[in-house]
> 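Pasting a structure here, questions to come.
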Amino acid sequence: MKKVLITGGAGYIGSTVASALLDQGITPVVLDDLSKGRAEFVEDRVFYRGDIADAALLDRIFAEHPDIDAALHCAARIVVPESVSQPLYYYRENVAKTVELLESLQRNGCTRVVFSSSASIYAPTPDARVDESCPVDANSPYARTKQMMEQVLQDWTRGHGAEEVRVITLRYFNPIGADPRLRTGLQDLHPTHALGKLIEAHATGTPFTITGVDWATRDGSGIRDYIHVQDVAEAHAAALTRFDEVIKPAADDRYRVINIGTGEGTTVRELVTAFERAVGTTLGTREADPRPGDVIGCYAGIDTARDLLGWTPRRTIDEAVTDALAWRTKWSTHLAAS
Ligand SMILES: NC(=O)c1ccc[n+]([C@@H]2O[C@H](COP(=O)([O-])OP(=O)(O)OC[C@H]3O[C@@H](n4cnc5c(N)ncnc54)[C@H](O)[C@@H]3O)[C@@H](O)[C@H]2O)c1
């Protein structure tokens with residue numbers, strides 16, 4: 001593949017994917033409305049500012065780049081609490097607008113699509129490990145938009161007029177870190193995930209609270225599957241390179257789901273230890289009961305990614321934390337100066 005459309009390519013994951021593709025000689029064509037994406041992340045890239053539902057803009061992009069081989073659909077609204085308070089907004093942005101995007105892709109003959117989905121659609125399992133055959137039961141409007149879109153995409157590949165359409169859905173687990181070359185990273189200096197809370201605790205000298213210490217995990221704390229965002233980006237490159245092997249053009253079933261995680265997960269205590277190694281000091285921690293609604297968490301079975309994409313993650317949790325901290329330093333300096 002030589003050229004790929006990336007929606008949301010000015011955002012955290014999409015911009016890292018774009019960098020990884022450039023490194024492999026694939027040209028990303030970025031479409032982003034910059035509602036959350038950053039102009040700095042697309043400065044030296046082919047970039048169209050606009051909405052994924054803007055059919056005329058999509059037609060113009062394909063007219064100007066008739067050699068686009070595939071589309072990576074990363075654009076979405078992603079904040080779970082916001083999706084609870086504004087569900088209709090989320091269903092419009094993530095579902096209705098994606099349907100319009102798919103119509104534009106079909107009209108312009110773009111038949112290879114890679115979709116950014118989320119592990120948050122999985123139903124909890126007793127041992128926290130989930131593979132692609134595990135039941136889904138999304139528990140927020142945000143996650144339901146992902147679950148719904150997966151169904152829409154699968155139905156699309158079965159419909160009349162889309163006989164050549166093939167879709168690979170990548171279910172990401174918990175991307176952290178930044179491009180190791182620090183071209184891009186998280187736009188937000190105060191992320192709400194556990195690493196963000198660790199950074200906050202370290203900066204303010206307050207103890208970090210481990211909520212839930214009796215889960216059925218190797219050390220009793222909850223588990224997530226934090227994965228270096230560069231590994232996630234390289235999974236996209238692998239999906240593009242292997243696309244026609246993963247789903248052959250005339251295959252009966254032209255829809256595949258693939259987990260993108262580490263295969264082991266990281267417990268909260270392990271994340272704390274990795275953070276302490278990265279900053280070189282011990283962090284005060286205290287233990288507390290789980291908060292209402294807390295769950296054991298989950299981590300990915302990644303046999304499918306290994307078998308179909310020939311991909312496995314290459315970076316450690318320590319590298320992810322170190323790159324997150326390095327990016328934070330660079331980005332906060334940039335924001336202060338701009
Ligand atoms: N970050 C995570 O932990 C995570 C986990 C699992 C899945 N995902 C999925 O990965 C994808 C990327 O997430 P991210 O963390 O990079 O988020 P992000 O907010 O950084 O990136 C999303 C980008 O899409 C753009 N966008 C949103 N709506 C748009 C629209 N209608 N038209 C054009 N551009 C639009 C935003 O400006 C932003 O740049 C999303 O689909 C998300 O659901 C993210």
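Each ligand, and each atom within it, is numbered from 1 in the order the structure gives. Quick note: numbers below take in every heavy atom, side chains included, and nothing from hydrogens, waters or symmetry partners.
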> Less than 4.5 Å apart, side chain to side chain, heavy atoms only: is that true for V46 and K3?
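With C-beta onward as the side chain, the pair stays apart.
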> Taking the six-membered ring of Y48, is the NZ or CZ of R60 close enough (under 6.0 Å from the centre) and on axis enough (within 45°)?
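Output no; distance or angle outside limits.
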> What does the 4.0 Å heavy-atom contact list look like for ligand 1?
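Heavy-atom contacts below 4.0 Å: G8, A10, G11, Y12, I13, D32, D33, L34, S35, K36, G37, G50, D51, I52, C74, A75, A76, R77, I78, E93, K97, S116, S117, S118, Y142, K146, Y172, F173, P175, Q187.
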> Side chains of T206 and R286: is there a donor and an acceptor less than 3.5 Å apart?
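There is no such pair between these side chains.
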> Taking the inter-plane angle between the rings of H202 and F275 on a 0 to 90° scale, is it parallel (under 30°), tilted (30 to 60°) or perpendicular (over 60°)?
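Because their plane-to-plane angle is over 60°, the rings of H202 and F275 count as perpendicular.
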> Would you list the pairs meeting side chain to side chain donor-acceptor pair (under 3.5 Å) in which at least one residue belongs to residues 326-338, sequence neighbours left out?
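Side chain to side chain donor-acceptor pair (under 3.5 Å) check on residues 326-338 returns E40-H334.
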> So how far is it from R144 CZ to D137 CG, rounded to the nearest 0.5 Å?
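R144 CZ to D137 CG: 8.0 Å, rounded to 0.5 Å.
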